[in-house]
**Q** 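Here it is, the structure in full.
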Amino acid sequence: MIDWVSCRVPLDKCSPAVRAAAKELSDRVQRICPKSGEIRYETACWESIRSDTHQIAARASSDLWINGSPARLIGDGDAVFGNGASRYMDLKGCVARMIAFIESYLGAGELPHLDHWVVTKVDVTGNLLLASLNEVRDALRILNGCEGGRYRVDARSGNTVYWSKSSRYKSGKAYAKGPHLKYIAGKSDYTGRPYSAIEIANADRLLRLELSLKSQFFKEHDWRTLTPDDLAFYWDGYFDRMIGSAEIMADDDVKKRIYDVAPSEGRAKAAFGCWAMIKAQGYERAREMFTKATWYRHQKILREAGLSDADISAGRVVEFRCRVLDASLAESWEQIAA
């Protein structure tokens, strides 16, 4: 599902009435020189706009900005599985719904057509259904040590693991959905969809995997052309490499797989030697023993053999792999009610 969208449109594309209404959306902050009284700069604050179960945020500077969860604006506001355009990853549909919501709130006429809007961030999420909350936490513990290629674990807090959090291109996040849902639904100012105690308990089995496509990504990709299949492809590619998709059940299979995929016996021996060194010395120490080009050449063979970044970081075929490979992608409350 699409869980978050940030987008903007230049105010000069808006009618005078819309510009005036947008400028009144939120407070403004100024930086003023105490000696001359000169205004160094002025910026608009984000304003949270609520209506029953719906909530997104907006501000107006030189652009009208909107961000938030389109799932909160569609259907009953379910932010776990989504509805409509959110559930089915229809990005244009999500942006159109957010624009319509702000347009109605401003009440000053039509906002510019989709063609004028710029998308700067989209969060694509999926929920893996595991056996229990303990198993979800085991998965997070293993994923917390998963580094490789462009992945960098930035932080670990409670039930959440982040990768490449500061990247302007892509970043990842994994967390236990049950505890998170219980936390947000229990806040005194929560205005979203009411979740039942049974739903929150069932959500304890969900491992939420979230891919953020960010501003640099959208400088290289036209958001209007991205289909649901495209978004699913990027999500699969990010997390499949991390978790792995090959059916490796025992460490004894690794050597055979390496020799099967390597372009020559010499390259296979070298890659298997790299794997043995990772197992014996650990990921970081092993990496120091190779030049950058050689290291990444070996890593390519190891991944083609079916090893995931989680396996390579741990120096073993992690037991978590077998459970996650058998896990289903949960898409509804009915599916996880059993």
**Q** In the structure I gave you, are the side-chain heavy atoms of P179 and L133 within less than 4.5 Å of one another anywhere?
**A**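 Yes - at least one pair of side-chain heavy atoms lies under 4.5 Å apart.
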
**Q** For residues A79 and A71, report the shortest heavy-atom separation together with the two atoms involved.
**A**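 For A79 versus A71, the nearest heavy atoms are CA-CB, 4.1 Å.
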
**Q** Examine K173 relative to Y175 and say whether NZ or CZ is less than 6.0 Å from the centre of the six-membered ring and inside a 45° cone about the ring axis.
**A**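 Here K173 passes the 6.0 Å and 45° test against Y175.
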
**Q** I need the minimum non-hydrogen distance between L231 and M89, along with the two atoms involved.
**A**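 Shortest heavy-atom contact: CD1-O, 3.8 Å.
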
**Q** Quick one: closest heavy-atom pair of Y259 and K269, and the distance?
**A**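 That would be OH-CG, 3.0 Å.
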
**Q** Do other residues, nucleotides or ligands put more than 12 heavy atoms under 6.0 Å from the NZ atom of K182?
**A**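 Count not over threshold, so no.
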
**Q** Assess whether side-chain contact (heavy atoms from CB on, under 4.5 Å) is satisfied between L114 and W223, documenting all intermediate values.
**A** CA-CA 10 Å; L114 281 177; W223 71 270; 3.8 Å; yes

**Q** Are K170 and K214 close enough that some pair of their side-chain heavy atoms sits under 4.5 Å apart?
**A**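 No. Closest side-chain heavy atoms not under 4.5 Å.
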
**Q** May I ask you to check whether Y296 and F290 place their ring centers less than 6.0 Å from one another?
**A**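 Y296 vs F290: aromatic centres not under 6.0 Å.
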
**Q** Angle class for the H221/F217 ring planes (parallel below 30°, perpendicular above 60°, tilted otherwise)?
**A**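 Judged by the thresholds at 30° and 60°, the geometry between H221 and F217 is parallel.
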
**Q** Any donor and acceptor pair, going by atom type alone, linking the side chain of D222 with main-chain N or O of R224 inside 3.5 Å?
**A**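 At least one qualifying donor-acceptor pair exists.
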
**Q** Under a 4.0 Å N-O cut-off, is there an ion pair linking K177 with E210?
**A**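 Salt bridge: no.
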
**Q** How about CD on Q216, more than 12 heavy atoms from neighbouring residues, nucleotides or ligands closer than 6.0 Å, or not?
**A**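 Yes, CD of Q216 has more than 12 neighbouring heavy atoms, counting only those of other groups under 6.0 Å.
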
